[in-house]
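Below is one structure, written out as structure tokens; comments come after it.
Chain letters run A, B, ... following the sequence lines, proteins first, then strands; residues in each count from 1.
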Amino acid sequence: MRIVLTLATRDLRQAWQSAGLWLPVAFLLLVASLYPFAVGPDAALLRRTGGGMLWIAALLASLLPVDRLVAPDRDSGVLDQIALRGIGEEMVVLARLIAHWLGFGPALMIATLPAAALLKLDAATIGLLETGLLIGTPALAALGLLVATLTAGLRSSGALSGLLALPLAVPLLIFGAGTLGDGSGAALKFLGAASLLLVAITPFAGGAAIRAGRE
Amino acid sequence: MSRTGLRLSGVACVRGGRLLFRGIDLAMEAGGSALVKGPNGIGKSSLIRICAGLLRASVGTVERHGKVTLTDERLALDMEQPLRAALDFWARLDGAGPQAVDAAMAAMALASLAQVPVRMLSTGQRKRAALARVIASGAPIWLLDEPGNGLDDVALSLLGDAVAGHLAKGGIVVAASHQPLPLVTPVVMAMQDYLPTEEAA
């Protein structure tokens, strides 16, 4: 546990120092301010479609830091040095998942507030959106990290990680955006299930990917 | 606590579909040192990584008794961090205290650079920093891949002193280098002797 904490603290500091934390936030706000230009200022239309659009923006924003999540540490030998100390790759990925979500999830949820105002969303929709993001952002972080471990050794990994992650993100998008128009709460439960699954498999799948990349 | 040791028997390595070397036997006890020699690309680094457990031997077995520490051409220190903080991170993972880092930095003459960010250090200073991490780790088995690269004469003699001190305390050193290193009475392994037969002269 102490090791996970040490690793996560370092990962969070690295993300902060590389200024990578602002990228998803800036992206989300930019998309939200461009959207009314594209579809016109009709408040009713914006209100009806804005929530789903913010889910797409959040999903794409989660892909932005992917090329910096694992590859630099792999290339600089940090992952090898950690492995030498007898620390399992699963622990490394788990710590990185915690750090990545802390740096990405809450910031994205806060950025959603001004973005929602730009799109004239009402209070109930904002509430559903934030709840959905609270449940969904760990899955988005896990998905980005998983793809980052898989593509760490490859050239032009940026384009490939988009192709890998987006199909896997479809359930998150369906249930995440589905929570907005769903009174029963079923979509929220499915979103929670999809999120739990991704968060649970990422340390193992990502750890195996790092180990395989060493050969 | 079991005794320190490193034992390779019949180790062969295949990389990229090519057999690099085969039949490597090495038995190291406490206080033993080995120098792996040979031209570029012959498999010195692969052998060191096999000793470290980062690569699997294609054939043969590797036994390690005791913790392993490695330094290779990759620095693995956070560039934006001051040197001291970057070394402290690894010391925390090693379970080594701040005194160990102090002593290691003094041994590599880095004490005056403690607050300098790693990215500002020169090639030789970075190499010394990586060696300081090896010293601070407290691990009994040192694996040094080209430890002399980029070091000046003064730093080379510091390295020699550190290695001699480590061996005197019952440690093990395996170094790979194409240049002479200040090791005293090492087991010299010339990698040319372990080439696949059809390529041997």
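Shown here for B:Leu54 and A:Ala83, the closest heavy-atom pair between the two residues is CD2-CB, 4.0 Å. B:Asp94 approaches A:Arg85 most closely through the heavy-atom pair OD1-NE, 2.8 Å.
More than 12 heavy atoms of other residues, nucleotides or ligands sit less than 6.0 Å from atom CG of B:Asp152.
Chain A forms more heavy-atom pairs under 4.5 Å with one residue of B:Arg15, B:Arg133, B:Met79 than with any other, namely B:Arg133. Counting heavy-atom pairs closer than 4.5 Å to chain B, the top residue among A:Asp73, A:Ile87, A:Ile82, A:Ile3 is A:Ile82.
Interatomic distance, B:Lys67 NZ to A:Leu84 CG, rounded to the nearest 0.5 Å: 10.5 Å. The CZ atom of A:Arg13 sits 3.5 Å away from the CD atom of B:Gln81 when rounded to the nearest 0.5 Å.
In this structure, the side chain of A:Gln81 engages the main chain of B:Leu70 through a donor-acceptor pair within 3.5 Å.
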Does the pair B:Trp90 and A:Thr6 meet the rule for a side chain to side chain contact (heavy atoms under 4.5 Å, CB included), with working shown? CA-CA 10 Å; B:Trp90 292 108; A:Thr6 307; over 6 Å; no
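When heavy atoms are compared at a cutoff of 4.5 Å, B:Arg56 approaches chain A by way of both its backbone and its side chain. Of the atoms belonging to A:Leu79, not a single heavy atom falls under 4.5 Å from chain B.
A salt bridge does not link B:Arg74 with A:Asp75: every distance from a Lys NZ or Arg NE/NH1/NH2 to an Asp or Glu carboxylate oxygen is 4.0 Å or more.
Residues A:Gln17 and B:Asp78 form no side-chain contact, since every pair of their non-hydrogen atoms from C-beta on lies 4.5 Å or further apart.
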